[in-house]
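Step one of this worksheet: look at the structure below.
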Amino acid sequence: MSSRGTVVSEDSSPADPIDRKVDGAVKRTYAAANFSIRAAAYSSYTIQSLLKDFQSVAELLDQGEDVSSTLAMMEQQVRLLSDVSFDSLGAAASAAGSSVAVRRQLWLRSWKADAAQKNLLMKIPFSGVKLFGPPLDDMVKKTAEDCKLLAPDRTGRSRAFGSQRAFDNSRKGRAGQPFRGRLGLLNYQWLQAMVFAIEEINRNPDILPNVTLGFRIYDSCLIRQRALEGTFWVLTGMGKLAPNYRCLMNNVLAGIVGDAGSSCSIAMSRVLTLYRLPQISYFSSSPLLSDRIQFPSFFRTVPSDDFQSRGLAQLLVHFGWTWVGLVAEDNDYGQQGVQILQEEIIKAGLCVAFSESIFTSRPDKNAFHIVQVIKESTANAIVIFASDAEFTPVADEIVKQNVIDKVWIASESWSTSPLISAEKYSNIFTGTIGFAIHSEEMLGFKEHLNKVHPLQSPSDITVNIFWENAFGCKWLKEKHLSGSSKNETPECTGTEKLDHIQIGFNDVNNLRVAYNVYTAVYAIASALQDLMLCRQGQGPSHLLLPFVKKVKFHNKVGAEIFFDENGNIPAQYDIMNWQFDTMGTVKYVKVGSYESGATMEKGWSSGMDVGVKIASQANAIKSAVFLTIHDFINEVKQIKKVPISVCSPSCSPGFRKLALEGEPVCCFECIRCPQGEISNQTDSAECYKCGWDSWPNVKKDTCVAKIIEYLSYEEPLGATLMTICIFWSLFTFVILGLFKHYRNTPIVKANNRSLSYLLLLSLSLCFLCSLAFIGYPTTVKCLLRQVAFGITFAFCVSCILAKTIMVVSAFKATKPNSDLMKCIGPHFSYIVIFVLTFIQVILCAIWLFLSPPFSAYNTIIKPEMIVVECNEGSPLAFWCMLGYLGALASTSFILAFLARKLPDSFNEAQFITFSMLAFLSVWLSFIPAYLSTKGKYMVAMEIFAMLSSTFALVSCIFFPKCYIILFRPDNNSKEHLMGKKVYRAGH
């Protein structure tokens, strides 16, 4: 503004008539917004008071199930009204601020000043009903004295991220009262992580030169209303709330780190989004905060629960826990996390046995009901998706009811919690496995923590309270009391040493949340650095938010830090296992990791590769997690087996699962695979058929080559039949030799020696042709064996028929010159044999030409093996051949039967009759037996019929003659034979 310019009184009206009308409209808008602010504030705090009353009523009432559910529903409704009221409060504050800004612009339009000076005037905090208020009067006086409106900052070093370490105004209780009570040691460690990071950055000349980072701290106590109050307090820069105004003009608010709770961060982000002010949370993991439409200025250095839920599901799959119980808080953190987990569990083929909620608004947290469900459930793997504070009442109830033999899977909120890992829980939670926020080393942080001392920060109220909690003492000054008033509590002297005690505060072995806070501060500093470079090289910029979105740097441990398109850093979790020693002290042993494997140059793609790495060494899980669980179970059950959590026992290979109607897919029965099918995997849903040349083994878990079956010489049945064939064939030749030797005896002559020789030769061939049916059925064998059988047996039966004809004709033709004797010459029998045999040869030739037999694999009659057999080609031809033999045998039998009354001394016809009767009986019995057997036994049946029928012919025709030749030579005489004949004629 020019030194000669005048500043009009704010009580006057704008000079321009149109501006006066606009000013009046905006003034009325401001009045309405101001009224809305008061109304929203009254209603918000009234509803909050009503919510406290609900909690008090819940504590006093002996709640039944109906009363509990009703109160819980009413509480949710009141919480919804509270959220709406505070959202209205933020919107009204924004409208009021915008109205004031428009009015000021109207007033300043007529002033002779440049835009930069007018902008400085616009930043004067608004107070009361005045448009500018008392600060304007002081500014006008200073302008009149110095002939200028505002003096520039002469420090040469600007400030950002707050201006001072003013703890006395930063950590307050309700209604502006100083904080009293216990201070969490780990929470104070987180606070010191921010202090450590800021001091480290300020000492580093390479980061933000000529810029000093400062900070202001506000404790939300994890209450959304206090989180909103603190947000406005930080934005204003003073104890008094003044929405849309920044009172500390010489300090730039770069960003806000926090809050820890997702619900608080959601409420804060809705306000900070209006200011486009970056907010980086170190512990808010709700997936809702990844919505860039609702929360465009929100970032976090802790992975989203979306990643954690998927990782927990993969962990369950890794251990084979298919029957899982879920317990979660009834807030955004628990319900959204368990919902994603449940979806991932179902995708992985696992099942949820039960899902219960921890009612955070109830004093008992619904603990008794939850523990009863856990105790009665058959699920042994229980996932707890809750904070340690909310889970503690449930853990107490678990100890009370002595629920053992369960495997507890922890979410990151309590996987390293000292509350749950206390000694009283050691018998229950030994072997707990869960996800924890990735930890890293922070060089120099332990020394920083041990230097914390009340004398170093006399205005820091929190350090005195921390000191009291850490050493169990108290300060004499009342303003530093931690709430304990017992006389036996020793006095704090300030000479205590932090490095002489080991507490959670100075334990830097597992820096998880503290490392997230450290990373968040460095992210803002890196964005500020980029902003400064942009101003110097690419032009001015007044917004830090775009630079936070694009921030990318490597921290001191070498980790690359950047935010993806949803404001998340690369997800990384440590998989922790609880191992208790004999003293009941827990050790958090890292046994694996879960991390996102996405790499990027210009952002993070949504199709990231996420996977579980269960310990870098292959056997680490088995040696760490499994052995810890083994030791615990051995103490309780004296067994050596990894804990299982299944609805139904796994189906072994050889079985398949059969789903039970109305039950989850993890509940099933195991049924044996049907014939010819296998399952070679555990819990197989289907059985699979083997190939045509293979068959299931006894367990039906693999296919083995089918046994090839045929009648072989090596097996007992084949060897026996072969021996019989050879023996009787040789025996027949012996009879032939006997007949040759006694060829001139009457009994041999009377039986037509030449026909007897041919018959014995054919019988020997009949015995030998059976050998063609034994052994592997090759193509040549299949072609010849039935043909050989048919021709040799036709030759044999033809000989018998010719012999029968000759016997009958010899006794019927009594006159030497009769017509019958003329027809039957000396070669008649050979002609008969040749013609009858040739007919069979013709039939076999036709068979071989039209449909020859062939070797074939038969897998139908015996599915478990391959039967190598001869396919006859044409069954009709086979039965025609066999029928022809039957016709010859029947004709011979009829002729012999008609000649059965020949003289007793020459009973050849009777022997032929008996032999043909036995022959026909064997082959008639063969037909049904042959048709009823399969495989090699069918072949054995045919061989048996061949041997039996041939033996019947030999025994009935030749045994009596051999007996006479060998043992009754007196009967082997012409007189004996003729005497019998004469005797019968005379009679």
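The first residue in the sequence is number 1, and the count goes up from there.
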Return yes if some donor-acceptor pair links the side-chain N/O of Asn555 with the main-chain N/O of Glu560 below 3.5 Å, else return no. no

Ile358 side, atom CD1; Asp330 side, atom CG - distance, nearest 0.5 Å: 8.5 Å

Residue Gln294 excluded, over 12 heavy atoms near CD under 6.0 Å: yes

With a 3.5 Å distance limit and no angle check, can you tell me whether Arg512 reaches the backbone of Ile437 through a side-chain donor-acceptor pair? yes

Exam field: side chain Trp321 to backbone Leu350, donor-acceptor pair closer than 3.5 Å: no

Shortest non-hydrogen contact from Ala313 toward Leu341: N-CD1, 3.7 Å

Partners passing side chain to side chain contact (heavy atoms under 4.5 Å, CB included) against Thr682 (at least two apart in sequence or in another chain): Ser650, Pro653

Measuring only between side-chain heavy atoms, which start at C-beta, is Thr432 closer than 4.5 Å to Tyr588? no

Is there a donor-acceptor pair closer than 3.5 Å between any side-chain N or O of Arg656 and the backbone N or O of Glu686? no

Applying side chain to side chain donor-acceptor pair (under 3.5 Å), name anything that partners Gln335, two or more places apart in sequence or on another chain. Ser357

Have Asn510 and Ser439 got a donor and an acceptor in their side chains that come within less than 3.5 Å? no

Side-chain heavy-atom pair Ile409, Ile433 within 4.5 angstrom cut-off: yes

Is the side chain of Asp574 donor-acceptor paired with the backbone N or O of Phe435 at a distance under 3.5 Å, no angle test? no

Heavy-atom pair with the smallest gap, counting every atom of Ile382 and Ala379: CD1-O, 3.7 Å

Distance col, row Ser417:OG vs Leu186:CG, nearest 0.5 angstrom, shows 8.5 Å

When rounded to the nearest 0.5 angstrom, what distance separates CD in Glu329 from OG in Ser411? 8.0 Å

Under the disulfide (SG to SG under 2.5 Å) rule, what do Cys351 and Cys666 come out as? Steps first, then yes or no, please. CA-CA 6 Å; Cys351 299; Cys666 300; 2.1 Å; yes

Using 30° and 60° as the class limits, which term best fits the ring planes of Tyr515 and His438: parallel, tilted or perpendicular? perpendicular

As an exercise, state the distance from OG of Ser421 to CD of Gln579, rounded to the nearest 0.5 Å. 13.5 Å

Taking the side chain as every heavy atom from C-beta outward, state whether Gln189 and Leu185 have any pair of such atoms under 4.5 Å apart. no

Intermediate values then yes/no, side-chain contact (heavy atoms from CB on, under 4.5 Å), Ile370 and Phe354: CA-CA 10 Å; Ile370 293 173; Phe354 62 85; 5.9 Å; no

Shortest non-hydrogen contact between Ile644 and Asn380, atoms and distance: O-ND2, 2.7 Å

Trp323: partners by side chain to side chain donor-acceptor pair (under 3.5 Å), with sequence neighbours left out: Thr378

Go through the steps for Phe295 and Arg270 under the test side-chain contact (heavy atoms from CB on, under 4.5 Å), then give the verdict. CA-CA 7 Å; Phe295 312 106; Arg270 296 189 187 280; 4.0 Å; yes

Which atom pairs, donor and acceptor, lie under 3.5 Å between side-chain atoms of residues 281-289 and protein residues at least two apart or in another chain?
residue, atom, partner, partner atom, Å
Ser281, OG, Asp259, O, 2.6
Ser281, OG, Phe283, N, 3.3
Ser281, OG, Ser284, N, 3.0
Ser281, OG, Ser284, OG, 2.9
Ser284, OG, Asp259, O, 2.8
Ser284, OG, Ala260, O, 3.2
Ser284, OG, Gly261, O, 3.1
Ser284, OG, Ser265, OG, 2.5
Ser285, OG, Asp305, OD1, 2.8
Ser285, OG, Asp305, OD2, 3.0
Ser286, OG, Leu288, N, 3.3
Ser286, OG, Gln336, OE1, 2.8

Side-chain touch Phe668/Asp683, heavy atoms, less than 4.5 angstrom: yes

Do Val383 and Leu316 have side-chain heavy atoms sitting under 4.5 Å apart? yes

Taken in chain and number order and not counting sequence neighbours, the residues that satisfy side chain to side chain contact (heavy atoms under 4.5 Å, CB included) with Thr231 are Leu235, Met268, Val271, Leu272

The reported gap from OG in Ser645 to NZ in Lys406 (rounded to nearest 0.5 angstrom) is 7.5 Å

Stepwise side-chain contact (heavy atoms from CB on, under 4.5 Å) check, Glu356 with His369: CA-CA 9 Å; Glu356 295 294 332; His369 172 72; 3.2 Å; yes

Which heavy-atom pair separates Gly434 from Ser415 by the least distance, and what is that distance? C-CB, 4.3 Å

Which heavy-atom pair separates Cys651 from Phe655 by the least distance, and what is that distance? CB-CB, 4.2 Å

Please check if the side chain of Arg310 supplies one atom and the backbone of Glu344 the other of a donor-acceptor pair under 3.5 Å. no

Any side-chain to backbone donor/acceptor pair from Lys549 onto Phe563? Under 3.5 Å, distance only. no

So, the side chain of Gln308 versus the backbone of Glu412: is there a donor-acceptor pair under 3.5 Å, distance only? yes

Roughly how far apart are Ile420 CD1 and Ser413 OG, rounded to 0.5 Å? 11.0 Å

Would you indicate whether the side-chain heavy atoms of Leu326 and Ile345 approach each other to under 4.5 Å? yes

Relative to the ring of Phe429, is the ring of Trp408 parallel (under 30°), tilted (30 to 60°) or perpendicular (over 60°)? tilted

Can you say whether the rings of Trp414 and Trp578 are parallel (under 30°), tilted (30 to 60°) or perpendicular (over 60°)? perpendicular

Partners passing side chain to side chain contact (heavy atoms under 4.5 Å, CB included) against Ala193 (at least two apart in sequence or in another chain): Met442, Phe445, Ala514, Val517

Just by distance, do the side chain of Lys365 and the backbone of Phe359 share a donor-acceptor pair under 3.5 Å? no

Is the shortest side-chain N to carboxylate O distance from Asp396 to Lys424 below 4.0 Å? yes

I'd like to know if the side chain of Arg300 pairs up with that of Asn568 as donor and acceptor (distance under 3.5 Å, no hydrogens or angles considered). yes

What I'd like to find out is whether the side chain of Phe391 reaches to under 4.5 Å of the side chain of Ile398, using heavy atoms alone. yes

Flag the pair Phe505 / Tyr188 as yes when their ring centroid distance falls below 6.0 Å, and as no otherwise. yes

Heavy-atom side-chain proximity of Ile374 to Val327 below 4.5 angstrom: yes

Can you name the nearest heavy-atom pair linking Tyr333 to Ser387, along with the distance? CE2-N, 4.2 Å

After noting the C-alpha distance and the side-chain angles of Asn402 and Ile428, does the key distance pass the side-chain contact (heavy atoms from CB on, under 4.5 Å) rule? CA-CA 8 Å; Asn402 193 28; Ile428 300 297; 4.2 Å; yes

